[in-house]
Amino acid sequence: MTRYNAMELMITLAARELENGATVGVGTGAPCAAAMLAQKTTSPDLVILFEAGGFSPELPEMPISVGDSRTIYKAVMADSMANAMEYCARGFVDYTFLGGAQIDMYGNLNSTVIGDYVHPKVRLPGSGGANDFASFCWKTMVMTPQDSRRFVEKLDFRTTPGWLEGGNSREKSGLPLGTGPHKIITDMAVMDFEPESKRMRIISVSPGYDLEDVEKNCSFELLKLDKIQETIPPSDTELRILREEVDPYQYVIGR
Amino acid sequence: MTRYNAMELMITLAARELENGATVGVGTGAPCAAAMLAQKTTSPDLVILFEAGGFSPELPEMPISVGDSRTIYKAVMADSMANAMEYCARGFVDYTFLGGAQIDMYGNLNSTVIGDYVHPKVRLPGSGGANDFASFCWKTMVMTPQDSRRFVEKLDFRTTPGWLEGGNSREKSGLPLGTGPHKIITDMAVMDFEPESKRMRIISVSPGYDLEDVEKNCSFELLKLDKIQETIPPSDTELRILREEVDPYQYVIGR
Amino acid sequence: MEVINQGTERLFMDPDPDKIRAFFHGKSRKMTRKEMDLKDAVATFVHDGDYLCIGGFGANRTPVAACHEIVRQEKKHMGLAGHTATHDMQILSAGEVYDHIDVAYVVGLEARGLSTCSRKYLESGKVQVTEWTNYSLALRLKAAAMGVSFLPTRNMMGTDTFNHSAAKTIKCPFTEKKMVLLPALSPDVSIIHVHEADIYGNCRFKGISVADIELANASKRVIITTERLISTEEIKRDPSLTKIPFHLVDAVCEVPGGAYPGTMAYKYFSDEDHLKEWLIVEKDTEKFKQFLERNIFECSNHEEYIALNGGISKMRSLRAKELLLHKEK
Amino acid sequence: MEVINQGTERLFMDPDPDKIRAFFHGKSRKMTRKEMDLKDAVATFVHDGDYLCIGGFGANRTPVAACHEIVRQEKKHMGLAGHTATHDMQILSAGEVYDHIDVAYVVGLEARGLSTCSRKYLESGKVQVTEWTNYSLALRLKAAAMGVSFLPTRNMMGTDTFNHSAAKTIKCPFTEKKMVLLPALSPDVSIIHVHEADIYGNCRFKGISVADIELANASKRVIITTERLISTEEIKRDPSLTKIPFHLVDAVCEVPGGAYPGTMAYKYFSDEDHLKEWLIVEKDTEKFKQFLERNIFECSNHEEYIALNGGISKMRSLRAKELLLHKEK
């Protein structure tokens, strides 16, 4: 039995990606927890942006909505959604965290439908701000459980752009240059994308799992870094701050 | 010797054009005086818009700048220039008043250069908001002294669109449909535009002047309405309100 | 203008700026009294078949009272801008008020989970859908507000979201770069909840504006619900605080708690228990029917709905939560 | 994308959004102290050859102190956005600071008349000119702020203003209607005068915003001059009042009376006597030279300039005029 659960691990690893002084566009839940943890550990000057217009708040607790009052608590500005998205469109926002029901080997995401579009098995929320953030922010990160029903060969619907068909296809598509998926963080592994093919690649595996676990829980072939590291687990300090200061009511880490 | 000067006459005639409940985009000087006079006589519900962002103020005195504090005194909103112009672009603004160094038979205006563009005799302010207002507002009106150096055969520079080359040329140009020059008000006459050719046409002549005076002071051929009226001069009430309430310091009517 | 690529779904509203201008040409600019009962405002300005856009963001400063009234009056065949539509959409789906929708964010209630009712209705085949994104829908409103037929953007490219939209891709004549063009969206009617308004429709609100300023400017008719009416003298005291001017507005309805059970910044936080009740009861068709009878059809107005769910003491506790009083030492 | 028609003058700034993004990618987002002396701010962030845009409207909330400092430091070969440029342009023309200009409104001081100095300089042949309109320049800034290479509009058509611009006309692929496309404008540096700012660059101002919000968002570097510094605690007390957030700003300079002799809404009205003095003295080259020596070059800062022209008692009378005290019974 580990000292932490899957969600605590993913949030901690995500927080470590956010260097001090960077800007991050976040939604509710895990992404918000990761940004808060980063602010309370390595990155006090991390600037948090909410798509609904909340700019750089001092989050008193976990917001329930990306537009609720917590997102403007002691914020420097309460702005419009268009202006918030235009900070991203202009290149001011470094990171964003996204999720989705399905992800493919190029980091494209589906949050629109499961099954056929016209007669869906499940109708999901659609893009929301995900397509916007993934198009405009410099680096897109994904936090999601490692599961072969999520890591699929082919998406039922490509809601949000990753590296599209790989190679230079994203560059050719017309999306802003220099943007794209950066890291995929799961309970079992951390993956990036091989620079040429833009295919998903394992770079580290979580303690308690091996490569085979990761590959078994993915429906497409994963590339592997020459030297795959073991993921450095959450420290006691990281866990304490996450549990006591970031999410005391266990809204996110309780799950 | 008449009871009023040329400026007082033009402002009064202009004010009469502004029906109650209409919107008008104005600049400083005579147009502003006309709008204020209209509010204090026939059109208490006239809505005044300033291009810099002042929306529906209770003008305490004549503004010196279309962006000075008087334009937001007891206003309902202090907005941006883009939003102010977009009220016009969306079709919310009925009238605007413009001037210019030169005007042609189709009501096109020049406020950019006298002489050659590259080596001008005189460099003038350029469009400012004139081209915007004349493009977007439903009806453009011009107040200007009748003078053959102003009413020219050919403009040195077409800064602001009137009926362009006449006929349906404005419609074909891509400018918003249903917009265009409405009335030209001078010290000697009031002119409109013949519906087919869109050429300038005399509809009334001021007391103390005759058709010949008007034509002598215009470098192009003016059309004439079948029954040309004599302009109804300013009433004592109009003059009193203009002199005592609208422009007591004679900023405009003093000239 | 060469179109490189375009979405294949239906464009529900005509983006022709001259037609939109023609409508605004005929709209009154007079500063006349517009306060009225919400029931009358919905009866007068919301029609079957109209394209509707709801202000706010999800369950934040959302005109929930107006959504209930639209369902009570059994409006049908409407178009809907699914612009971060969460609890508002849940209500309108319960009434099957709309049958075509522009989707940006639908079905979900953010961290709270998915609405069975909204989901089932969208999956029923009764609703025609076109896909967009949150920013794209805001831009489409902005285009209408600017009096142009489209605005360019650099999102949506390379995705099925684009393929199932009605957007078009062209090459910029200045840079030769691809741009997605989004068609203007001028809703027939929009409803926006604000903190303060005068009887003429001059409005103030605090906190995020989301897309409400673009929405108010883009919409042919605008219904305002306000926490409280204030004097025009107060509006004119500081015109810098006005967010929506009177000439855009058709009706002003004073509805205290009008965003309940959602959040109203600085006034009250969302009633998470009641929103959870919605999400649970939805799953049982029969129970949901009774729930709707009790909470919507048998309430003559929002005051009764709030009373039914805790009334003044509930609103006091939500105010305390909004103000973070539980965190004070 | 077929271009039907286009202006023939020079486009001074590259509208490529990826190049503008690349710049912002490297700009610090940290909330660090930025207050400094205006002299240092201009020396550090305004360079010969930079494209400059001045905030405010004509002589209203215009950073006059910064214009004087730019002339004092004898910046040259700059580009200028002649965006309702009145007294600011008069000052910059006196210093022959710029040699290319995008014109919307220039040379004039509105009702006050034309500036001989600005006129002569534009007529001298030393300045390259491209024509636009007030709204068009605001839209060009908005395009850069939105991260796109152009925005569409329906003005300028059928005129020499269009022919002498760098705009292009195309057909809308949704409506087949003609639209004018305006290229994005991202100034190298802009200067905006505000009522209140904190040391990090979070800014508030009252009254009309003109194009300052678009400008702050579009500009690669932003210098803020403020009537007074306020605490960040005060900024965070009401984030709805913030007009410009810190991350856009490079320098914050406290300059009381920084818009003098222009108007600062709610603080002081314009000094019409002194502005008239400018317009008269300009006509005599020798007198004007002495006037500039006295009012700009021999002043080490704006405080000395104000002192030279009436000091505190002058500012008190302009405050009384701004507040309309002369109208009180």
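Every heavy atom of this structure was used, including side-chain atoms; hydrogens, water molecules and symmetry mates were not.
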task = Among the options C:Val107, C:Thr133, C:Val129, pick out the one with the most heavy-atom pairs lying under 4.5 Å from chain A.
result = C:Thr133
Residue, of C:Glu110, C:Lys178, C:Arg154, that accumulates the most heavy atom pairs under 4.5 Å with chain A = C:Arg154
query = chain A: which of C:Met179, C:Lys177, C:Glu131, C:Glu214 shares the most heavy-atom pairs with it under 4.5 Å?
reply = C:Glu131
remark   = C:Met157 and A:Leu175 have their tightest heavy-atom pair at O-CD1, 3.8 Å
query = Roughly how far apart are A:Asn110 CG and C:Asp160 CG, rounded to 0.5 Å?
reply = 8.5 Å
request  = Against chain C, label A:Phe55 side chain, backbone, both or neither, depending on which of its atoms sit under 4.5 Å from a heavy atom there.
outcome  = neither
query = Is it the backbone or the side chain of C:Lys267 that comes under 4.5 Å from a heavy atom of chain A, or both, or neither?
reply = neither
task = Test the A:Arg123-C:Tyr121 pair against the cation-pi criterion, namely NZ or CZ under 6.0 angstrom from the six-membered ring centroid and within 45° of the ring axis.
result = no
task = Assess whether atom NZ of A:Lys74 is packed by more than 12 heavy atoms of other residues, nucleotides or ligands within 6.0 Å.
result = no
task = Would you sort out whether A:Val66 and C:Phe57 count as a side-chain contact (heavy atoms from CB on, under 4.5 Å), showing the intermediate values?
result = CA-CA 9 Å; A:Val66 298; C:Phe57 184 97; 3.2 Å; yes
Shortest non-hydrogen contact between A:Arg70 and C:Glu322, atoms and distance = NH1-O, 3.1 Å
task = Tell me, yes or no, whether the heavy-atom count around A:Arg201 atom CZ, taken from other residues, nucleotides or ligands under 6.0 Å, exceeds 12.
result = yes
message = Can you tell me which of A:Glu61, A:His119, A:Arg170 forms the most heavy-atom pairs within a distance under 4.5 Å of chain C?
response = A:Glu61
ask   = Is it the backbone or the side chain of A:Val122 that comes under 4.5 Å from a heavy atom of chain C, or both, or neither?
value = both
ask   = Just wondering, are more than 12 heavy atoms of other shown residues or ligands nearer than 6.0 Å to CZ in A:Arg243?
value = yes
key: Straight-line distance of A:Ser69 OG to C:Arg61 CZ, nearest 0.5 Å   = 11.0 Å
inquiry  = Can you tell me which portion of C:Phe269 sits under 4.5 Å from chain A's heavy atoms? Options are side chain, backbone, both or neither.
reply    = side chain
task = Side chain from CB out, backbone as N, CA, C, O: work out which of these in C:Asn60 comes under 4.5 Å of a heavy atom of chain A, or both, or neither.
result = side chain
task = Using non-hydrogen atoms and a 4.5 Å limit, figure out which bit of C:Thr169 sits close to chain A: side chain, backbone, both or neither.
result = neither
key: Distance (rounded to the nearest 0.5 Å) between A:Leu124 CG and C:Arg119 CZ   = 8.0 Å
message = For the aromatic rings, using the six-membered ring if either is Trp, is the centroid distance between C:Tyr135 and A:Phe136 under 6.0 Å?
response = yes
query = Does NE2 belonging to C:His326 count more than 12 external heavy atoms closer than 6.0 Å?
reply = yes
message = Can you tell me which of C:Asn155, C:Thr86, C:Asn5 forms the most heavy-atom pairs within a distance under 4.5 Å of chain A?
response = C:Asn155
key: Portion of A:Ala89 that has a non-hydrogen atom of chain C nearer than 4.5 angstrom   = neither
query = Of the non-hydrogen atoms in C:Thr161 and A:Ser127, which two are nearest, and what is the gap between them?
reply = CG2-CB, 4.5 Å
request  = Mind listing the closest non-hydrogen atom pair of A:Gly128 and C:Tyr105 along with its distance?
outcome  = CA-CB, 3.8 Å
query = With chain C, which of A:Gly53, A:Ser65, A:Pro161 has the greatest number of heavy-atom pairs at distances under 4.5 Å?
reply = A:Ser65
Within 6.0 angstrom of C:Arg10 CZ, more than 12 heavy atoms from elsewhere = yes
query = Of the backbone (N, CA, C, O) and the side chain (C-beta and beyond), which part of A:Leu155 lies under 4.5 Å from a heavy atom of chain C, both, or neither?
reply = neither
query = What option among A:Asp79, A:Thr71, A:Thr112 has the most heavy-atom pairs under 4.5 Å with chain C?
reply = A:Asp79
With A:Met81, the side chain to side chain contact (heavy atoms under 4.5 Å, CB included) member among C:Ile208, C:Thr84, C:Asp212, C:Leu137 = C:Thr84
remark   = Most contact-rich option vs chain A, by heavy-atom pairs under 4.5 angstrom, among C:His83, C:Glu123, C:Met89, is C:Glu123
task = Name the member of C:Thr159, C:Asn163, C:Leu109, C:Leu139 that forms the most heavy-atom pairs with chain A at distances under 4.5 Å.
result = C:Thr159
request  = Mind running salt bridge (Lys or Arg N to Asp or Glu O under 4.0 Å) on A:Glu86 and C:Lys142 for me, showing each step along the way?
outcome  = CA-CA 13 Å; A:Glu86 285 157 15; C:Lys142 195 188 268 202; 3.2 Å; yes
ask   = chain C heavy atoms under 4.5 Å from A:Tyr117: which part of the residue, side chain, backbone, both or neither?
value = side chain
message = Please classify the contact between C:Ala265 and chain A as side chain, backbone, both or neither, with a heavy-atom cut-off of under 4.5 Å.
response = both
Gap separating the CD1 atom of A:Ile64 from the OG atom of C:Ser270, nearest 0.5 angstrom = 4.5 Å
Exercise: identify the closest heavy-atom pair between C:Met156 and A:Ser135 = N-OG, 3.7 Å
message = Please give me the minimum heavy-atom distance between A:Pro125 and C:Gly108, naming the atom from each residue.
response = CG-N, 4.2 Å
ask   = With only heavy atoms counted, which part of A:Thr28 is less than 4.5 Å from chain C, the side chain, the backbone, both or neither?
value = side chain
inquiry  = Within a 6.0 Å radius of atom CD on C:Glu176, are there more than 12 heavy atoms belonging to other residues, nucleotides or ligands?
reply    = yes
ask   = Measuring heavy-atom distances to chain A, does C:Val106 have an atom under 4.5 Å in its side chain, in its backbone, in both, or in neither?
value = both
Residue, of A:Gly126, A:Pro120, A:Ala52, A:Ala130, that accumulates the most heavy atom pairs under 4.5 Å with chain C = A:Ala52
